[in-house]
Amino acid sequence: MQQHELDALFDQQAAGYDARWVRMAPIRESLLFLMETVFADLPEDAHLLCVGAGTGAEIGHLARRFPRWTFVALDPSTQMIAACRERAEREGFADRCDFHADVVDTLPDEAAFDGATCLLVSQFLLDPAVRTAFFASIACRLHPGGTLAWADLAWDTDAADYPAMLKLWMETMSGAGLDEAALEQIRANYARDVAILPPDRVAALVEAGGFLPPLRFHQAGMIHGWCARTSR
């Protein structure tokens, strides 16, 4: 799927996105809870880049936990950024955010951020070289030693246990309120549009983008979460 197709898809999903995935919230909340510790040693007035900010769930969580932090919400979907802005205004942290409906490479090419988040974004970059370049574009915008926390779908799709894991994951999402037609669409999307790689391979691509060896700090089903500091 091309970038403009992804943007159009997420534009269409923005209004109902949170409601669609509400029963998957325990996975999201466990990831965000652990991210608090990942970022605990950032400055009290840290400036955070949220890549693929979506509707702003992680910004809202971190804004409550770290009341002096400021954020740049970045997402190429204009409707997702609109939903993110709406959440920020509703929850009272809009004055601590800048909102950009665009991609990382459009930001100033300077180290301006203490940390970054990137949740369930890079999995849509099918070319490994493009995926590494994407993480490199984040790394160069972090202060030396800055921290990235990210999550992606990951598994060894050639492993004997992958069919069983995929079935379990589909059933997990079915419990989240998806009907069989929606699940079949997700299966097709995974095969065509999502770069599901072994976790160690994902970590290696990020390390090649300018980070120290990542630490995998979270796993729930097929969602894995890592953190890493810049290598410079």
Side-chain angles (χ1 to χ4, degrees), residues 9-10 13-40 42 48 50-67 69 71 73 75 77 80 83-84 86-88 90-93 115-124 147-157 159 161-187 189-190 193-199 202-203 214-228:
L9 176 63
F10 284 111
Q13 294 181 354
Y17 188 84
D18 289 337
R20 182 183 186 188
W21 297 106
V22 67
R23 295 210 27 209
M24 297 290 279
I27 292 177
R28 182 190 67 217
E29 294 303 319
S30 67
L31 175 61
L32 296 179
F33 174 71
L34 290 172
M35 278 173 51
E36 295 179 15
T37 306
V38 167
F39 288 134
L42 295 189
L48 214 71
C50 296
V51 181
T55 63
E58 74 260 33
I59 299 179
H61 182 97
L62 293 170
R64 290 188 294 273
R65 176 63 179 82
F66 301 101
W69 283 17
F71 304 88
D75 198 296
S77 165
M80 284 292 189
C84 183
E86 184 177 311
R87 179 196 294 270
R90 183 174 66 248
E91 297 182 6
F93 58 88
T117 63
C118 184
L119 304 184
L120 303 176
V121 175
S122 87
Q123 64 197 28
F124 296 110
T147 300
L148 168 68
W150 88 97
D152 280 310
L153 294 169
W155 207 268
D156 183 352
T157 59
D161 64 355
Y162 179 63
M165 184 66 236
L166 184 62
K167 181 176 184 293
L168 178 64
W169 189 238
M170 293 297 118
E171 290 172 349
T172 300
M173 289 191 289
S174 178
L178 300 180
D179 60 23
E180 186 56 37
L183 289 172
E184 186 56 40
Q185 183 62 52
I186 291 172
R187 290 189 191 98
N189 290 346
Y190 279 13
D193 299 324
V194 183
I196 300 176
L197 301 178
V202 177
L215 170 67
R216 187 163 23 142
F217 68 88
H218 179 273
Q219 182 187 344
M222 288 181 63
I223 294 177
H224 299 250
W226 296 261
C227 59

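Not counting sequence neighbours, the partners of Ala63 by the side-chain contact (heavy atoms from CB on, under 4.5 Å) test are Phe71, Phe93, Arg96. Residues passing the salt bridge (Lys or Arg N to Asp or Glu O under 4.0 Å) test with Glu29, sequence neighbours excluded: none. Annotation: side-chain contact (heavy atoms from CB on, under 4.5 Å) contacts of Ser30 (sequence neighbours excluded): His218. With sequence neighbours excluded, no residue forms a ring-ring contact (aromatic ring centres under 6.0 Å, His included) with Tyr190. Thr147 meets the side-chain hydrogen bond (donor to acceptor under 3.5 Å, both in side chains) test with Arg229; sequence neighbours excluded. Listed by chain and residue number, Leu49, Ile138, Leu142, Leu148 satisfy the side-chain contact (heavy atoms from CB on, under 4.5 Å) test with Ala116 (two or more places apart in sequence, or in another chain). In this view, Phe33 and Glu36 satisfy the side-chain contact (heavy atoms from CB on, under 4.5 Å) rule, not counting sequence neighbours. For Trp155, the side-chain hydrogen bond (donor to acceptor under 3.5 Å, both in side chains) test picks out Asp161, with sequence neighbours left out. Arg187 pairs by the side-chain hydrogen bond (donor to acceptor under 3.5 Å, both in side chains) definition with Glu180, Glu184, not counting sequence neighbours.
Here the closest heavy-atom approach between residue Arg87 and residue Ala57 is recorded as NE-N, 3.7 Å. In terms of heavy-atom proximity, Cys84 sits nearest to Ile59 at SG-CD1, 4.2 Å. The nearest pair of heavy atoms linking Leu153 to Gln123 is N-OE1, 2.7 Å.
Ring geometry for Trp69 versus Phe39: interplanar angle over 60°, hence perpendicular rather than tilted (30 to 60°).
A salt bridge links Arg64 with Glu91: at least one charged nitrogen is closer than 4.0 Å to a carboxylate oxygen.
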